[in-house]
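Here is the structure we will look at, set down as structure tokens.
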Amino acid sequence: MTSMQPLWWFALPVLLLPVWWHMRKRERTRTDLLATARFLPAAAPQQQRVLRWTDVLLLLVRLALLATLIAWLAVVAMPWKGDTVFIDPSLETSPWAAQQVQSAGMGAAAREPLPADLWNWLARNEHEWRPGARFLILAPGAAMPALPPRLAHATDLRLAPPPAAASEPPAATRMQPRERHIVVSAPAERLPRWQALFTAFGTAADGANRYVLSDTPTAVTELIVWDHADTDPPASWKAPLWWRTTNTNGQTQTPQGLTWTAPQWPVQDVDAARALYERWQAAIAPAPAYPMRAQALKAERSHPLPTPLARSPEWLALALLALFVIERILTHARRR
Amino acid sequence: MLETPALLAHSADLELVIRHVLAGLGHGIHAGRERGAGVEFSEYRAYAPGDEWRRVDWKLLARADRYYVREAERDSHVATWLVLDATASMAEPSRRVDGLSKHWYARTALACVAAIAQRQGDAFGLLVVSNGKVEFTPASRGPRHLQRVLAALQRATPSGVLPDAETLRASLHFARSQSMLFAATDALDWPSPLGEALVRLRHMRHDVRLLALRTEAEAEADFATGHAYRDPEAGAGLHSFTRADRDAYSAALESHFAAVRTACRQHDVPLCEARIEQPLGEILRKWLRNPEARRP
């Protein structure tokens, strides 16, 4: 059993509080006032300190409640998982994956789908695995984290070889083109040129994108082209990116979105169109991650690091709630 | 209606209790030297709440459309002093009747005496002896003064011990002219500064009447055994009560009250002993009866 927040165990003396509350020093003799007591024989005070437990059931429930609360705060974990293969869903059926599992000697190991944020996820949840357990990670590619991962379990990262070009299915059936919503507002004589430009953009990147032109923006609109130099667009129009015609070249940030301005829209020659396209794609596409090599990582420490990211299991919180309810009910019943 | 002390004790209204007790008592308890109000007419006075209706002049009402009360020229020579012992031991409850205590009984008896004195036109004053102090209400006449005295009686709560002899001597300077003194106490402190003061007043030829209150449980040694008992005035000492102690207790209590009786007889102070479970009217009649009439 390990604890991710071991400092919370110092709160254990709180358990003494209910013990103290339920311990009663009982007086053996009850005293009454009596006006004629002076005519009675004097008696030695007979008060005994007899330890007595009151409401043992309530005491036990309160102790359990506090202990559960501390365990929940201390993020107690019982490591029960053994060797595990993390495998990307796309590789589930591939012969390469089966061969890797065999060669790593992990045929009997449990399989789990590859989590999205792999290294952080492993650091957060590592405490669920037994100390000697090994990880085998089968993925088509892995992003290099800023720091090399230092886990408490030996980890083997294996990357699937890139699929051969021949075995690749034709592009048309491989994926549907992604729809990009564009709003174009331009004078009638320039509108066909804008349509031609976006049709040309549609052929780039192997047809991965299909540009849908419309008149009014919606929530999915990515780009608004405002090709009127003399008027302003309606204030309610909003989009991440605007192309507007003004007399200066530049880029400004407005409440309606980032605006690129140029005196002469749409671009006339092929090179300018290509430059615009590349600039646009670079602006909206995230930078690709640096790929990580396939490698075997040794266990860097014997126990997982305590991490504030670790969370207690839900059933413990439910048990805490149930104990609290029982304690309230018992207290109420005692008062009646 | 309110036949027993048990029922009376549940009435918070002291005036109602007085009216009830006095209704059963009738008149002529104490022959005042003066006749009733209005023997020698002196003046008219505007009616004030609390005045008796029979003293309103109805002819004047018909003439002036206002209520006027006929005031009489009268002056009783007898002042009545009421002494209430409100020490902690007076809180002793009756262990038979709920809500009844020595304090309640003494207070109500004194309120009845005050009401009688007011009806007869006597001046009356009050001394509440409590918590080592004496609370003094000067003697006066009239219905408003009765209200004042009743309020002082209502206010009194049993606590503390008797004041010492010095304090009492300083507070008893009032008795110049001949007066009657009605003292209600439990007489458990005897000899006590209060007893000595009363005896001294008796020697000054005042008419001192003592009411000594006990509960039935006390008199018959009939309270729960096996408890430890504490004296409310003596501090922390504990006393035990078992069946074997019963006779010794009865003997000690009896000898104490015998000493009280002897002292009272010796100094010619009429002593009226009562148990608070007894009807208040009877006890009041016994207390107020002229002691000379009883003597052979």
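The chains referred to below are lettered A, B, ... by the order of the sequence lines, with proteins before strands, and numbering in each begins at 1. Worth saying up front: this structure is predicted, and the values here are computed from it rather than measured.
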Where at least one partner belongs to residues 59-74 of chain A, residue pairs that pass salt bridge (charged side-chain N to carboxylate O under 4.0 Å, His left out), sequence neighbours excluded: A/Arg62-A/Glu327

List the steps, then state whether ring pair (Phe, Tyr, Trp, His ring centres under 6.0 Å) holds for B/Trp81 with B/Phe182. CA-CA 6 Å; B/Trp81 288 95; B/Phe182 291 91; over 10 Å; no

Show your working on salt bridge (charged side-chain N to carboxylate O under 4.0 Å, His left out) between B/Arg169 and B/Glu166 and close with a plain yes or no. CA-CA 5 Å; B/Arg169 196 193 305 273; B/Glu166 267 316 302; 3.7 Å; yes

May I ask you to check whether over 12 heavy atoms, not counting those of A/Glu314, lie within 6.0 Å of atom CD? no

Within residues 244-257 of chain B, which residues come under 4.5 Å of chain A, heavy atom to heavy atom? B/Asp245, B/Tyr249, B/Ala252, B/Leu253, B/His256

Set of residues satisfying salt bridge (Lys or Arg N to Asp or Glu O under 4.0 Å) with respect to B/Arg95, sequence neighbours excluded: B/Glu92

For B/Arg230, all residues meeting salt bridge (Lys or Arg N to Asp or Glu O under 4.0 Å), sequence neighbours excluded: none

